[in-house]
Amino acid sequence: MPKRITLKHIANTFGVSIATVSKALSDSYEISATTKEKIVAYARANNYKSKSVDLSVLHKKTKTIGVIIPNIMNSFFAKVFVGIEAKATQHGYHIISCISNESFEKEVKTLELLKSDTLDGIIISLAEETQVKEQYTHLQNASNEGIPIVMFDRISDTFNCDKVIVDDLEGAFSATSHLIKTGCKHIALISVIDNLSVGKLRVEGYKKALNAFGMPVQEKRIVRIAKHEDFDTALKIILADKSIDGLLCLEETSAVNALRLVKQMQYTVPDDMAIACFTNGRLLQHLTPSISAISQHGKHIGESAASMLIERIENDEQNHKPFQTKIVKTSLIERDSTKKL
């Protein structure tokens with residue numbers, strides 16, 4: 001079976017960049033007629049996605065978007081993908097979806113794989129390892145090759161592109177304030193995402209709320225649990241302080257585990273222990289008691305990211321405009337794990 005050639009293969013054959021090949025196959029005025037004819041002829045002769053080549057020449061675009069998410073098990077990212085897919089379909093675009101599984105190396109390889117095929121742009125939320133390493137050369141290379149990129153949720157402040165982010169600090173402020181207003185006087189924070197930019201912002205929001213209500217910030221009540229650490233043990237240590245009457249969990253899974261553990265320890269929720277968390281997944285409303293949560297409006301984030309990218313792709317004038325950052329406000333969904341105001 002003959003080996004399928006890629007944009008990268010064609011680029012290496014002619015000693016040009018992938019962007020040059022892509023522009024040649026798209027009949028771009030930026031590429032000389034001679035170079036264009038050679039590349040198109042070679043692509044057709046080697047059966048390089050022949051229909052796509054003809055379509056590119058006629059319509060300038062492949063109508064394909066690459067999406068890289070770090071974790072498919074997280075309900076937030078699932079909601080974001082639903083939003084991306086809905087908006088892309090509305091505009092006639094196809095989606096190639098990939099998962100980095102929180103790995104920097106896999107994110108780099110996935111991006112290279114997407115670049116080797118014909119696509120119009122990329123939507124990405126950074127892997128945990130990428131944020132820890134703070135290495136974004138793979139993204140800069142893609143941008144330099146003319147591929148528009150939109151980041152969402154987990155972003156880099158040092159990489160210039162369009163971005164859609166959640167107001168994580170304000171969300172944590174709102175959740176902590178709610179716990180205080182409903183009677184909690186000693187609130188602990190549980191974080192299993194301390195390496196992530198969103199985790200750090202949520203800690204700041206928690207501290208901001210305590211300061212706003214004249215309550216002291218005690219670092220010992222900020223429980224940062226690494227992947228290799230046992231969650232139950234870490235939580236039992238903090239709950240040894242019998243004065244703790246509220247928990248703010250920075251993501252959904254830790255809230256579910258916290259509810260299980262405090263019930264095992266004979267706490268009554270919310271009278272003895274109130275619980276609030278981030279990421280309003282469907283599971284939270286079906287637990288007993290149901291858990292109050294900060295909704296990040298994932299579907300809306302996905303729709304916004306796709307809209308920003310498609311606007312860049314389809315409007316040449318947009319490519320000369322400054323990059324934008326859209327901030328999505330959160331909402332507190334009150335359920336049975338917190339007392340009523």
Side-chain angles (χ1 to χ4, degrees), residues 74 128 168-281 283-285 287-296 330 332-341:
N74 186 310
E128 180 177 348
D168 286 285
L169 190 152
E170 193 60 29
F173 177 87
S174 174
T176 307
S177 298
H178 178 70
L179 290 170
I180 295 171
K181 290 176 182 177
T182 54
C184 295
K185 299 186 182 302
H186 306 283
I187 303 167
L189 179 144
I190 311 300
S191 174
V192 296
I193 55 171
D194 193 56
N195 286 330
L196 301 177
S197 57
V198 295
K200 292 177 171 61
L201 287 169
R202 293 170 192 177
V203 171
E204 290 305 307
Y206 161 81
K207 291 180 177 179
K208 178 183 174 183
L210 293 180
N211 289 327
F213 284 87
M215 301 173 71
V217 174
Q218 299 186 39
E219 288 295 328
K220 67 179 182 179
R221 289 181 178 168
I222 300 176
V223 184
R224 298 174 171 90
I225 306 174
K227 287 183 178 179
H228 64 276
E229 294 181 311
D230 183 72
F231 182 92
D232 285 15
T233 300
L235 191 57
K236 285 178 180 178
I237 290 173
I238 190 64
L239 292 180
D241 178 357
K242 297 298 184 179
S243 68
I244 299 296
D245 56 6
L247 296 176
L248 175 62
C249 301
L250 299 194
E251 51 77 57
E252 181 178 328
T253 303
S254 59
V256 173
N257 286 330
L259 177 63
R260 169 185 54 80
L261 188 61
V262 298
K263 288 171 72 175
Q264 286 179 3
M265 297 175 70
Q266 304 301 310
Y267 283 92
T268 300
V269 180
D271 294 331
D272 300 330
M273 182 74 65
I275 301 174
C277 75
F278 269 79
T279 309
N280 184 37
L283 175 62
L284 300 180
Q285 59 189 295
L287 295 172
T288 304
S290 56
I291 299 180
S292 297
I294 291 292
S295 174
Q296 299 154 280
T330 61
L332 175 63
I333 310 299
E334 297 181 37
R335 297 196 179 98
D336 296 335
S337 66
T338 54
K339 297 175 184 176
K340 306 302 178 185
L341 283 172

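In this chain, residues are counted from 1 in sequence order.
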Any sub-3.5 Å donor-acceptor pair from [X]'s side-chain atoms to [Y]'s backbone N or O?
X: S290; Y: D336; result: yes
X: K263; Y: V269; result: no
X: R224; Y: D194; result: no
X: S337; Y: S292; result: yes

By side chain to side chain donor-acceptor pair (under 3.5 Å), which residues pair with Q264, not counting sequence neighbours?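 In terms of side chain to side chain donor-acceptor pair (under 3.5 Å), with neighbours along the sequence ignored, Q264 is linked to no residue.
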
For [X] and [Y], work out which heavy atoms get closest and say how close.
X: A172; Y: R202; value: CB-O, 3.1 Å
X: P289; Y: L259; value: O-CD2, 3.6 Å
X: F231; Y: S254; value: CZ-O, 3.4 Å
X: V217; Y: N211; value: CG2-OD1, 3.7 Å
X: T338; Y: I275; value: CG2-O, 3.3 Å

Test of understanding: with side chain to side chain contact (heavy atoms under 4.5 Å, CB included), list the residues that count as partners of D245, not counting sequence neighbours.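 Testing D245 for side chain to side chain contact (heavy atoms under 4.5 Å, CB included), a comparison that skips the adjacent residues, returns C184, K185, H186.
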
The criterion is side chain to side chain contact (heavy atoms under 4.5 Å, CB included); which residues satisfy it with T253, sequence neighbours excluded?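 Partners of T253 under the side chain to side chain contact (heavy atoms under 4.5 Å, CB included) test: E251, N257.
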
Does the side chain to side chain contact (heavy atoms under 4.5 Å, CB included) test come out yes or no for R221 and I187, once each step is laid out? CA-CA 7 Å; R221 289 181 178 168; I187 303 167; over 6 Å; no

Output the distance between atom [atom1] ([X]) and atom [atom2] ([Y]), rounded to the nearest 0.5 Å.
X: L201; Y: I193; atom1: CG; atom2: CD1; result: 10.0 Å
X: I291; Y: I333; atom1: CD1; atom2: CD1; result: 14.0 Å
X: L284; Y: E252; atom1: CG; atom2: CD; result: 4.0 Å
X: T330; Y: N280; atom1: OG1; atom2: CG; result: 11.0 Å
X: N195; Y: E128; atom1: CG; atom2: CD; result: 4.5 Å
X: E219; Y: L189; atom1: CD; atom2: CG; result: 10.0 Å

Residues K208 and E170 bridged, charged N to O under 4.0 Å: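 Here K208 pairs with E170 in a salt bridge, since their nearest N and O are under 4.0 Å apart.
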
Side-chain touch [X]/[Y], heavy atoms, less than 4.5 angstrom:
X: F278; Y: D168; answer: yes
X: C249; Y: V256; answer: no
X: V223; Y: L235; answer: no
X: K227; Y: V192; answer: no
X: I180; Y: L210; answer: yes

Does K340 NZ have over 12 foreign heavy atoms under 6.0 Å away?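 Correct, the count exceeds 12.
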
